[in-house]
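Labels below follow one simple rule: chain letters A, B, ... track the order of the sequence lines, proteins then strands, and each chain is numbered from 1.
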Amino acid sequence: MATVRTRYAPSPTGYLHIGGAWMAFFNWLCARSQRGAFILRIEDTDRSRSTEEYERAILEDFRWLGLDWDEGPDVGGPVGPYRQTERGPLYRRYARALVDAGAAYPCYCTPQELEAEREAARRQGRPYRYSGRCRHLTAADRARWEAQGRQPTIRLRVPDLGGPIVVADLIRGNVEFDPAHLDDAIIVRSDGTPLYNFANVVDDHLMRISHVIRGSEHLSNTPVQWLIYRALGWTPPAFAHLPVILGPDRRKLSKRAAATALRDYRREGYLPEALLNFFALMAWHPDPEREVYSLSELVERFRLEDLGRASPVFDQAKLTWLNGVYMRELLQRNPQRVVDVCLEILQETGLVEGERSPDVRAYVARVVAVLGDRLKVGRDILVYGDFFFTDQVRYDPQAVRQHLQGPAVVRSLSVLRDRVAGVEALDRATAESLVRGVAAELGLHSREVIHPVRVALTGKTVGPGLFELMEVLGRDRVVARLDRAVAWLRAPEAS
RNA sequence: GCCCCCAUCGUCUAGCCCGGCCCAGGACACCGGUCUUUCAAGCCGGUAACGCGGGUUCGAAUCCCGCUGGGGGCACCA
């Protein structure tokens, strides 16, 4: 049995896109489920947009996600190099073979001339097609152009096949294309660098890729590639064109409609394992009665044929829910991971500065423990617990209106302040008896004290249990914040 | 405009290939209830879909045709 080899071939023109990560994941799953190889190839032939920095970032994003590769630009491999800009000689060799065989030809039209043709077509409202001017140039014609100093591109000559091109797609079946609709595509730029359709075919073949799993936006490229395989006498790999992930606006996921870079999700405090699990729920669903799977289960259950054809809409609410499932489980099994995720966010927002000392970690761990199930994504530590990390508590106006109104409030806060100041240490049991004691004393229902105190201490109406939160804050900070709240209530403008 | 793809609850999907077990199952979201000092989580319950029109058939979400709708592609980008 031939070895399964899949690849993901990002072009380093930006950070790893969420859709790209999803696509790469299915390639990875396909390889891992068949004990095959997963290859990373950098498609950087567009020199004007590619950067080394993005290449590094993409590799880093993959590492964070937890997808490993067997061959790639950093680790090398038997069929390298794995960066297209380093494969120039290979492309030149096969381009020449194509030209020699008459399957391709040099084209001397300039970008400006082609653009003018396109523009003319647009004006006349007819579809643009290459004029074919250079299709039948004689040696003399060529010499004349060359003498003028024109550097030719190389175009694929679409042959007369006398029938449709049939692309056998593993998830879409046979898709037919009429070659009459195909243009002689440029496969090599005038500067000698290859274009996507060509480099892709050469690389996939030379790298012995068995399954090309990619987005359906490439489906219409496939007949051109198919012609190149044919002209070179190569057997095309198996194709599987997955649907494209749509944004909430039902268009191809774009920056405008949602966060698109994988690292945006990392920055929000999503977990890689939750993301991968979520990926498996788009255009797939191993078991419709279940949502949560371990990675190894996904590898075990993966079957290319089970993938769907319809474009899924990226549902961030469901991702967040799933992340919450993982966070809760992690809280039990490995709370330090949750601490790490939260620390990353706290440091980025400047609420925690400097080294991640054991003390800092211990403190964050206490906060995390107290926040518990409220942490669905790392960023929730800010939503529910920013006050643990700053004394600059901002009172939510809504909360003030609801709970800091009326004369009883100042009184209960003041009384509580003195009681708290009087204790040795403020553990949660002490906090509770103090708060309830004050309520009873003043003839108030306990919630009539609890709510104002919460707002005074945290600025919010939402968050962890009051007594636990007081314990973490500690006596001195509680006293200081009660003081500040009382002062502010007496003269709101001053503060 | 041309080419190609797709079509089940608001969203992700199961069922479709091999018609009856489906007056369509699960999950997220939403709504209600419960627990409770708030929120979150949990638990219980609810609303909600086979795009439309023709066939075929005793019977169609499932097969066929048309329509409509949505998406992708039409670069010296990938």
Side-chain angles (χ1 to χ4, degrees), chain A residues 9-11 13 43-46 48-50 84 107 109-111 114-115 118 121-122 125-129 151-155 167 169 172 175-178 180-183 185-191 193-197 199-200 214-223 241 243-244 246 248 250-252 278 281-285 287-292 308-322 324-325 327-328 371-376 380 383-384 399 402-403 432 435-436 439 445-451 453-455 458 460-467:
Chain A
S11 73
T13 55
E43 306 219 330
D44 55 353
T45 61
D46 184 352
S48 64
R49 298 196 301 149
S50 303
Q84 289 187 328
C107 169
C109 301
T110 64
L114 294 172
E115 185 45 46
R118 242 190 306 275
R122 202 171 317 143
R126 59 182 167 80
Y128 166 74
R129 303 228 39 202
Q151 292 295 315
T153 61
I154 293 175
R155 278 188 192 268
V167 173
D169 189 287
R172 275 162 219 277
V175 184
E176 298 194 357
F177 296 88
D178 183 349
H181 294 293
L182 260 35
D183 245 1
I186 296 176
I187 57 173
V188 178
R189 293 183 181 87
S190 51
D191 68 1
T193 58
L195 253 51
Y196 167 76
N197 274 139
N200 211 259
R214 61 191 359 172
S216 64
E217 69 262 37
H218 293 293
L219 188 52
S220 47
N221 285 319
T222 314
H241 287 93
V244 175
L246 268 25
R250 298 200 133 275
R251 319 206 105 242
K252 203 166 146 183
F278 178 67
L281 267 25
M282 285 189 290
W284 192 29
H285 210 121
D287 173 351
E289 308 286 301
R290 257 179 76 193
E291 314 297 313
V292 184
R309 290 165 295 275
S311 297
V313 171
F314 188 84
D315 183 1
Q316 192 166 349
K318 186 154 185 173
L319 167 61
T320 301
W321 165 79
L322 194 54
V325 172
M327 288 286 262
R328 260 174 269 145
L371 253 22
D373 291 348
R374 272 160 281 249
L375 295 169
K376 291 202 286 291
D380 285 335
V383 174
Y384 294 109
Q402 269 181 308
H403 300 298
E432 176 157 11
V435 170
R436 294 198 191 279
H445 190 101
S446 58
R447 75 169 68 95
E448 292 176 277
V449 175
I450 286 172
H451 290 318
V453 173
R454 171 186 298 286
V455 178
T458 73
K460 309 171 193 293
T461 56
V462 301
L466 181 66
F467 313 125

Item to complete: Give me the first and last nucleotide of RNA chain B, going 5' to 3', that has any atom under 4.0 Å from a heavy atom of chain A.
Response: B/G1 to B/A78

Worksheet item: Taking atom C1' in both B/C74 and B/G55, what distance in whole Å separates the two?
Response: 36 Å

Worksheet item: Mapping A/Ser190 and A/Pro127 onto RNA chain B by nearest heavy atom, which one lands closer to the 5' end?
Response: A/Pro127

Practice prompt. Quote, to the nearest angstrom, the C1' distance that separates B/U56 from B/A48.
Written response: 32 Å

Practice prompt. Would you indicate what A/Leu281 reaches in the nucleic acid, counting non-hydrogen atoms under 4.0 angstrom: base, sugar-phosphate, or nothing?
Written response: sugar-phosphate

Worksheet item: Contact class for A/Ser446 (heavy atom, under 4.0 Å): base, sugar-phosphate, or nothing?
Response: nothing

Response to the item:
CG of A/Leu182 to CZ of A/Arg129, rounded to nearest 0.5 Å, is 8.0 Å

Worksheet item: Looking across every strand, which nucleic acid part, if any, lies under 4.0 Å from A/Arg49 by heavy atom: base, sugar-phosphate, or nothing?
Response: base

Item to complete: Please lay out, stage by stage, how A/Arg172 and A/Leu219 fare under the test side-chain contact (heavy atoms from CB on, under 4.5 Å).
Response: CA-CA 10 Å; A/Arg172 275 162 219 277; A/Leu219 188 52; 4.0 Å; yes

Worksheet item: Would a distance-only check, ignoring hydrogens and angles, find a side-chain to backbone donor-acceptor pair under 3.5 Å from A/Arg374 to A/Gly463?
Response: yes

Worksheet item: Counting only Watson-Crick or G-U wobble pairs whose two distances fall under 3.5 Å, which nucleotide matches B/A14?
Response: none

Practice prompt. Scan every strand shown for a Watson-Crick or G-U wobble partner of B/C52, both distances under 3.5 Å, and answer none if you come up empty.
Written response: B/G66

Worksheet item: Just checking A/Phe467: base, sugar-phosphate only, or nothing, at a heavy-atom cut-off of under 4.0 Å?
Response: base

Item to complete: Answer yes or no: is there a donor N or O on one side and an acceptor on the other, between the side chain of A/His285 and the main chain of A/Arg290, under 3.5 Å?
Response: yes

Discussion item. For B/U37, give the paired nucleotide (Watson-Crick: N1-N3 plus N6-O4 or O6-N4; G-U: N1-O2 and O6-N3; both under 3.5 Å), or none.
Written reply: none

Fill in: Sugar-phosphate only, base, or nothing, as touched by A/Asp46 at under 4.0 Å among non-hydrogen atoms
sugar-phosphate

Item to complete: Select base, sugar-phosphate, or nothing to describe what A/Glu176 touches, counting heavy atoms under 4.0 Å on all strands.
Response: sugar-phosphate

Item to complete: Assign A/Lys376 to base, sugar-phosphate, or nothing according to its heavy-atom contacts below 4.0 angstrom with the strands shown.
Response: sugar-phosphate

Item to complete: Name the nucleic acid region contacted by A/His181, choosing base, sugar-phosphate or nothing; use a 4.0 angstrom heavy-atom cut-off, strictly under.
Response: sugar-phosphate

Fill in: Pairing partner (Watson-Crick or G-U wobble, both distances under 3.5 angstrom) of B/G20
B/C58

Item to complete: Rounded to whole angstrom, note down the P distance from B/G42 over to B/A27.
Response: 12 Å

Worksheet item: Base, sugar-phosphate, or nothing for A/His218, non-hydrogen atoms under 4.0 angstrom?
Response: base

Practice prompt. Write down the distance separating the P atoms in B/U8 and B/G71, rounded off to the nearest Å.
Written response: 14 Å

Worksheet item: Is there a donor-acceptor contact under 3.5 Å from the side chain of A/Arg309 to the main chain of A/His241?
Response: no

Fill in: Spacing of the P atoms in B/G32 and B/U47 (rounded, Å)
15 Å

Worksheet item: Which value, rounded to the nearest 0.5 Å, describes the distance between A/Cys109 atom SG and A/Arg155 atom CZ?
Response: 6.0 Å

Discussion item. When the C1' atoms of B/C31 and B/C17 are compared, how many Å lie between them, rounded to an integer?
Written reply: 39 Å

Item to complete: Using both distances under 3.5 Å as the test, list the Watson-Crick or G-U wobble partner of B/G45, or none.
Response: B/C31

Practice prompt. With heavy atoms under 4.0 Å as the rule, sort A/Cys107 into base, sugar-phosphate or nothing.
Written response: nothing

Worksheet entry | Gap in Å between the two P atoms, one belonging to B/A61 and one to B/C16, rounded | 14 Å

Worksheet item: Mind checking who B/C2 pairs with, Watson-Crick or G-U wobble, both distances under 3.5 Å?
Response: B/G73

Item to complete: Using the P atom as the reference point in each nucleotide, state the distance between B/C43 and B/C28 in Å, no decimals.
Response: 9 Å

Fill in: Atom pair OH/CG of A/Tyr384 and A/Asp373 - distance to nearest 0.5 Å
11.0 Å

Item to complete: Scan A/Asp287 against the nucleic acid and name what it touches under 4.0 Å (heavy atoms): base, sugar-phosphate only, or nothing.
Response: nothing

Worksheet item: Distance-only, no hydrogens or angles: does the A/Thr193 side chain make a donor-acceptor pair with backbone N or O of A/Arg189 under 3.5 Å?
Response: no

Practice prompt. Tell me what A/Pro312 touches on the nucleic acid: a base, only sugar-phosphate, or nothing, going by heavy atoms under 4.0 Å.
Written response: sugar-phosphate

Worksheet item: Base, sugar-phosphate, or nothing for A/Pro248, non-hydrogen atoms under 4.0 angstrom?
Response: nothing

Item to complete: Working to the nearest 0.5 Å, report the span between OG1 of A/Thr13 and CG of A/Asp46.
Response: 7.5 Å

Worksheet entry | A/Val313 vs A/Arg454, nearer the 5' end of RNA chain B by closest nucleotide | A/Val313

Worksheet item: Across the strands shown, which category fits A/Thr110 at heavy-atom distances under 4.0 angstrom: base, sugar-phosphate, nothing?
Response: base

